[in-house]
Amino acid sequence: MEYWVVKFARNVERDEQSRTALEALGWKVHVVWECQLKKKTIDATMAKLLPALAEELGKELAAGSDGRPG
């Protein structure tokens, strides 16, 4: 059990350092968890993420676009 606590703490620290470094370079960071890409959740994930990306990029999102190949 202790192994996983230490591993998780290292992962959180590493991810925070990576996010901070990217933001310092001017990047906007969006975190998408693997579980958000599963069949049951990917549509909701894309419905939230794609409009945010389009707005940040100053682009219009095509009507009905889910960002996945048809």
Side-chain angles (χ1 to χ4, degrees):
M1 180 71 156
E2 184 177 334
Y3 167 81
W4 291 108
V5 172
V6 172
K7 179 174 176 38
F8 182 74
R10 279 195 321 252
N11 288 353
V12 169
E13 182 179 338
R14 180 204 60 218
D15 291 349
E16 179 62 23
Q17 289 173 349
S18 296
R19 185 187 62 76
T20 300
L22 288 166
E23 288 175 344
L25 293 171
W27 289 88
K28 172 76 175 177
V29 177
H30 295 271
V31 176
V32 178
W33 293 90
E34 181 180 359
C35 60
Q36 293 174 288
L37 301 175
K38 302 289 184 185
K39 285 183 183 180
K40 292 181 181 181
T41 56
I42 192 168
D43 289 339
T45 300
M46 291 297 123
K48 183 178 176 183
L49 180 61
L50 292 176
L53 294 175
E55 183 177 333
E56 289 170 17
L57 295 171
K59 303 285 183 178
E60 287 201 31
L61 191 60
S65 174
D66 64 3
R68 298 183 326 187

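These numbers come from the heavy atoms of this one structure, side chains and all, not from hydrogens, waters or symmetry mates.
Alongside W33, the hydrophobic cluster contains L22, L25, W27, V29, V31 (criterion: ILVMFWY side chains under 4.5 Å). Applying the 4.5 Å side-chain rule to ILVMFWY residues, one finds Y3 in the same cluster as W4.
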With a 3.5 Å cut-off and sequence neighbours excluded, list the donor-acceptor pairs that the side chains of residues 49-59 form with protein atoms.
unit_1 : atom_1 : unit_2 : atom_2 : d
E56    : OE1    : H30    : NE2    : 3.1
E56    : OE2    : H30    : NE2    : 2.9

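A distance of 10.0 Å separates CD of E34 from OG1 of T41, quoted to the nearest 0.5 Å.
Within the structure, the salt bridge (charged side-chain N to carboxylate O under 4.0 Å, His left out) test picks out the following pairs touching residues 10-33 (sequence neighbours left out): E16-R19, R19-E23.
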